[in-house]
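In this text the structure is predicted, and so the values were computed from the model without any measurement.
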Amino acid sequence: MKKMLYLIGGTMGVGKTAVSKQLQKDLPNSVFLDGDWCWDAHPFQVTEETKAMVIDNICHVLNNFLACSAYENIIFCWVMHEQNIIDTILNNLHTENVRIRCISLLVDETALRNRISKDVERGIRTVDVLERSLARLPLYQKLNTIKIDTTGKSIQEVVQEITK
């Protein structure tokens, strides 16, 4: 059995987690890892040490999922706004007999503003996320990934695009 690894990137508010959770439900024998779970600290600190640690955490968990015979589909989502992040993760995984699909979820600026504003109102995100998310949005065009625009699409429509 050939395993499938989905790397789903995108800026904050683009729908990575929602799409990944739906993929997990729709695909057989699937497991899901959100990269944020590997770096959930307070205070959140971005240093060379913490960046290396999170990559190591992610690769360790993904390699465990890849090695486990119970899982056929491994779904990973994280911001992944630089090609180096994707390459570093892939270079540290045991991907023999694994098909890999690298995807960047995109959205237009108006929809992103609306999504993040709703999240801020619900207390899910802080207001500073909006500017950081908008600044990262154009970076995804430069990546060696399949681009999927989520603007005006349901979660199920995006999942269908990923699985075709």
Do the non-hydrogen side-chain atoms of L112 and L137 ever get within less than 4.5 Å of each other? yes

State, with a plain yes or no, whether a side-chain heavy atom of I116 is found less than 4.5 Å away from one of L130. yes

For the NZ atom on K118, are there more than 12 heavy atoms of other groups (residues, nucleotides or ligands in this structure) within a distance under 6.0 Å? no

Closer than 4.0 angstrom, basic N to acidic O: yes or no for R132 and D128? yes

State whether the side chain of R115 and the backbone N or O of V14 hold a donor-acceptor pair below 3.5 Å, judged by distance alone. yes

Looking only at the side chains, is there a donor atom on one of S117 and R125 sitting less than 3.5 Å from an acceptor on the other? no

Spell out, as yes or no, whether a donor-acceptor pair under 3.5 Å connects the side chain of N92 to the backbone of T88. yes

Test of understanding: with salt bridge (charged side-chain N to carboxylate O under 4.0 Å, His left out), list the residues that count as partners of R101, not counting sequence neighbours. none

Quick check: does any side chain N or O of Q83 sit under 3.5 Å from a backbone N or O of K142, one acting as donor and the other as acceptor? no

I'd like to know if W39 and I124 are part of one continuous hydrophobic network [Ile/Leu/Val/Met/Phe/Trp/Tyr, side-chain heavy atoms within less than 4.5 Å]. no

Distance-only donor-acceptor check, side chains D34 and W78, under 3.5 Å: no

To the nearest 0.5 Å, how far apart are CG in N91 and CD1 in I86? 11.5 Å

Answer yes or no: is there a side-chain heavy-atom contact under 4.5 Å between E49 and M53? no

Donor-acceptor check, side chain of N63 to backbone of H94, threshold 3.5 angstrom: yes or no? yes

Would you say I162 and I8 make side-chain contact, with heavy atoms under 4.5 Å? yes

pair L93-L5: side-chain heavy atoms closer than 4.5 Å: yes

Whether the side chain of T95 engages the backbone of V98 through a donor-acceptor N/O pair (distance < 3.5 Å, no angle test) should be reported. no

So, K3 side chain and N97 main chain: donor-acceptor pair closer than 3.5 Å or not? no

Quick one: does L27's side chain get under 4.5 Å of Y6's, heavy atoms only? yes

Where the side chain of K21 meets the backbone of F32, is there a donor-acceptor pair that is under 3.5 Å apart? no

Output yes when a side-chain donor or acceptor of N73 lies under 3.5 Å from a complementary backbone atom of N29, and no otherwise. no

Main chain of M12, side chain of S133: is a donor-acceptor contact present, judged purely on distance under 3.5 Å? yes

Answer with yes or no whether the hydrophobic clustering places L139 together with V129; edges join I, L, V, M, F, W, Y residues whose side-chain heavy atoms lie under 4.5 Å apart. no

Flag the pair K147 / I103 as yes when at least one side-chain heavy-atom distance between them is below 4.5 Å, and no otherwise. no

Could you check whether any side-chain N or O of S104 sits under 3.5 Å from a backbone N or O of G10, counting only pairs where one atom can act as donor and the other as acceptor? no

Between the side chains of T50 and T47, is a donor N or O closer than 3.5 angstrom to an acceptor N or O? yes

Smallest separation among heavy atoms of K153 and V158, with atom names: CB-CG2, 4.0 Å

